[in-house]
Structures are given as C-alpha cells and as structure tokens.
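Below you'll find the structure, written out as structure tokens, and then a few comments.
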Amino acid sequence: MAGGLLRGLAIALFAVSASFAQAQNFQSQAPFAFLLDSDSGAVLYEKAADEPMVPASMAKIATALVAFQEIGAGRLNLDSEIGISENAWRKGGAPARGTTMFALVHSRIKLSDILQGLIVQAGNDAAIALAEAIAGDETTFGRMMTERVRALGLIRSVFRNATGMPDPEQRVTAREMALLANHIVKTYPELYRYFGQKEFTWNKIRQVNRNPLLTMEIGADGLQTGDLEESGYGLVGSAVENGQRLIVVVNGLKTGRDRAAEARKLIEWGFRAFEKRQLFGDGEVVGEASVYGGEKGRVALRTRGAVSLLLPRGTGERLSARIVYRGPLSVPVQEGAAVAQLVVSRGEVKTLEIPLYAAETVKAGSLQSRALDAVLELSTGWIRQALARVTQS
C-alpha cells in the first residue's frame, strides 16, 4: 500500500464551511458564461465553461495575441507595413460585406493602423492581411494561433482562420477565452489599450467599437464581440472597479441586446457580490510535500506573491482546498522550484489554482534514510488555519 501511495498523486484535502448562498442563486441566461477575477484567477461564475463553442469574431483576440507576440519578439513593430492582398480585400474587405476596415486592395498600411482595424472595427481584411504578413497564408496562421494558445496551457481551443469566419473545426471554450484575454491584459498592457478604443476612422469611414460594454460606464476597457448564425451573439469583455479587474465571457445569445445585458449583469454582480480576502502573504508557507530519499523527509511549500480569494459577501457554501503534486518528490529538490499546486474550490467550482514552490533545497540522504523513507505524509494545518481565518473575518 505504501509503495502505491509513493507512486500516486499526493493530495492534502480539507474543507471549511462558509456561507455562499448568494453566489449559488445567481443565474445567467447565456448558454455559455464565465466570470474571472483577473488578479487572483478566482472563478466567480461558470456555465458550460468547458464545452466547445463557435467563437465568431472573438477569434480575433487570438489573432491579436500572435501579432502582439511578434511585436514583443522584435519581428514586427508598430511602423511595420502590412500589405493588403487581393485575397484579403476580396474575402475580408468591402466586396465580402462582412466586418471590414475598408482597406484598399494592394495598399500598404502601418501595423498600428491594422491593429485598430482588427480590434476596433473587427475588420476581416485586417485579420487576413496580418495572417498573410506573419505566416504567409491564413491556414498556416490558424495553426500558429492554435500553437500559441497551447503554449499558454489552453488545450481545448482550436483555430483555423484569423477572422473567426465559419469553420467546422474552429472551436473554443468560455474558460479558455477568458484566460486568453487575461493573459493579453497582463502581458501586453500598452497594446491592450486598442481594445478599449471607442472608434477608428480609416479610408474616411468612421466606425465605432462594437463592444457595447464600452458605453455603459461600468469601467469596461475591452475586448471583442462576435456573432454568426451558428454561434449566436457572444462577447469577451473586461472591466475595472476600485482596482479590481473582471473578465467576462458570454456566448450563444439570441440578440445583441441580450448579449449586452447578460455581460453587464455578470460584471455588475461580480463587483457587488464578492469581497477580497487574503489567504496567504507573499512567500508564506502553505504546507509540506513528502520527499523520498532526501536528507529530509519533507519540504515546505511557499507561495510566490500574496494569495487572495474572492468570497461572496455574507453567505454559505462549502469552501475546500488541496495541495496536489506527483509524489513523493524525488531528490534533489531545488529551492524555488515549482513542485505542487494549491487548488481552492467553492462547492463544485474551482476558484483558484496556483503553483507552490519549494522553500528550501533538499539533497539526497544516506542509503539508510532512503530505504526507510516509505511513508507519505502531508501537513494541512497551515491551510486549515488560513481558510478558517478568511471565512470567519
């Protein structure tokens, strides 16, 4: 039995009662919905969050990601000129009668303007031109989009084109679109500002941003809408209030008015219904992991940065947490290495998942200590006390 434990997944489990009725009572009419706290990574609401859905123009968020990465790598800059091929003009420009920036065929446009055409105007011509400039053709660019989000840990989303136009294989999830949006917000703040731009004029044609949240005075500053017959009306949005940022995703709604109403309802509920509580301070010990064959049998696990939770105000649901790692850990264990995960759940909803780091280096022990090290033990006292503290305060 001990040998099986040593090769299995080591989990420390415990639970603390909290009062979360208000969170349970909230319901969204959107077939797909997700609400994320940007800073803590806490999931405040989810509905069909991991089910495949059609992204429509929300796919352009991934198109923008690739462009931002190319800028970050120095392969492009905002003054780089992007050519508008006949293909981009015919498939995505005025002749296509879809969303377009009205770029002229065979013109060359600065990347800064192409990005505004892509993001503010949802221009399909801008998206195709970017794809051709970066990857040579849109099919190759679609594979690149998928590879880039895979590198971020998004394993379910598949992209086949830069525009979000219909494709039977192009599918995303609400959870992964929120995580993608949050990555862009945090990694590319200077470029993210384009998502909050309310209008853009190109070729003497003024167009307003299609994101309805930007006109609602709720702190919204991005991201992208989408609608196709097969997708319904969807939106990935973000808003900030009192220093707290929320990321919202809704999709599958019947009208643009429904989309705007559901997104706003989720955001306003998220700001109103939750309060932030600190669970652990920066570098605080969370628990221990068992070490096999080391000079010590356990290693302390620390956070990196303060760990906070968003808890519903004055209500009751079960709050639980666990330390997860493949254990026992093999020596040597290096100080600062990410060796475990802290997972906190509210009922059946996973609200927080962060890495935990070894607080010290553990070297290989003597032959005798390695032979005797066959019992897996975990300490949960730190977390139990911390959860009790945040739920009782």
Interatomic distance, L111 atom CG to L191 atom CG [nearest 0.5 angstrom]: 8.5 Å
Verify same cluster id: L115, I128 (apolar side-chain graph, 4.5 Å): no
Path from F102 to I84 over hydrophobic side-chain contacts below 4.5 Å: no
R150 with E147: basic N within carboxylate O range, under 4.0 Å: no
Under the side chain to side chain contact (heavy atoms under 4.5 Å, CB included) test, residues paired with R245 that sit two or more places apart: S38, V185, Y192, D221, S238, V240, I247
Ion pair check, E241 and R272, cut-off under 4.0 Å: no
D125 side chain vs A103 backbone, donor-acceptor pair below 3.5 Å: yes
Distance-minimising heavy-atom pair for E335 and T361: N-OG1, 3.1 Å
Main-chain N/O of G283 paired to R302 side chain as donor or acceptor, under 3.5 Å: yes
Side chain to side chain, L76 and I71, heavy atoms closer than 4.5 Å: yes
Beyond-backbone contact of F34 with L266, side-chain heavy atoms, under 4.5 angstrom: no
Donor-acceptor side-chain pairing of Q244 and D39 below 3.5 angstrom: no
Sub-4.5 Å side-chain heavy-atom contact between V248 and R264: no
Over 12 non-hydrogen atoms of neighbours within 6.0 angstrom of CZ in R97: no
Shortest non-hydrogen contact between Q224 and N211, atoms and distance: N-ND2, 4.4 Å
K60 and N124: CA distance, side-chain angles, deciding distance, side-chain contact (heavy atoms from CB on, under 4.5 Å) verdict: CA-CA 9 Å; K60 292 184 174 81; N124 292 329; 2.8 Å; yes
Check: A162 main-chain N/O paired with E138 side-chain donor or acceptor under 3.5 Å: yes
Distance in Å, I134 CD1 paired with R75 CZ, rounded so as to fall on 0.5 Å steps: 9.0 Å
Note, V172 side chain near M53 side chain (heavy atom, < 4.5 Å): yes
Heavy-atom donor-acceptor pair, K47 side chain to F32 backbone, under 3.5 Å: no
Gap between atom CG of L154 and atom OG of S157 - 0.5 Å precision: 6.0 Å
Aromatic plane relationship, F26 with W269 - under 30° parallel, 30 to 60° tilted, over 60° perpendicular: parallel
Verify same cluster id: V249, L152 (apolar side-chain graph, 4.5 Å): yes
Derivation of the side-chain contact (heavy atoms from CB on, under 4.5 Å) call for E176 and D50: CA-CA 8 Å; E176 292 192 347; D50 298 311; 5.9 Å; no
Donor-acceptor contact present, side-chain R193 to main-chain E190, <3.5 Å: yes
Contact summary for A59 and P55, nearest pair of heavy atoms: N-CB, 3.9 Å
Intermediate values then yes/no, side-chain contact (heavy atoms from CB on, under 4.5 Å), W202 and Q207: CA-CA 8 Å; W202 186 256; Q207 297 186 66; over 6 Å; no
M145 and T63, any side-chain heavy atoms less than 4.5 Å apart: yes
Check against side-chain contact (heavy atoms from CB on, under 4.5 Å), M101 and F200: CA-CA 9 Å; M101 73 176 290; F200 180 58; 4.2 Å; yes
Heavy-atom pair of closest approach, residues A239 and F271: O-CZ, 3.5 Å
Heavy-atom closest contact (S57 atom, T225 atom, distance): CB-O, 3.3 Å
Point-to-point distance, once rounded to the nearest 0.5 Å, from CG of L253 to OG of S231: 10.0 Å
No-hydrogen, no-angle side-chain donor-acceptor test under 3.5 Å, N87 and E132: yes
Any side-chain heavy-atom pair of F159 and M144 under 4.5 Å: no
Closest contact, heavy atoms only, A359 versus V299: N-CG2, 4.3 Å
Side-chain (Y45) to main-chain (S28) donor-acceptor, under 3.5 angstrom: yes
N/O donor-acceptor pair under 3.5 Å between N251 side chain and V54 backbone: yes
Single-linkage hydrophobic cluster, 4.5 Å side-chain cutoff, L342 and Y357 together: no
Whether R108 side chain and E81 backbone form a donor-acceptor pair below 3.5 Å: yes
Side-chain donor/acceptor of N203 to backbone N/O of I205, under 3.5 Å: no
In one Ile/Leu/Val/Met/Phe/Trp/Tyr side-chain cluster, 4.5 Å: L130, L78: yes
Whether over 12 other heavy atoms sit under 6.0 Å from K254 NZ: no
Main-chain N/O of V158 paired to R171 side chain as donor or acceptor, under 3.5 Å: no
Any side-chain heavy-atom pair of V307 and V286 under 4.5 Å: no
Nearest-0.5 Å distance that lies between atom CG in N209 and atom CD1 in I119: 9.5 Å
Point-to-point distance, once rounded to the nearest 0.5 Å, from OH of Y325 to OG of S290: 5.0 Å
Pairwise side-chain contact, K296 with V291, heavy-atom cut-off 4.5 Å (strictly under): no
SB check E295 K363 (cutoff 4.0 Å): no
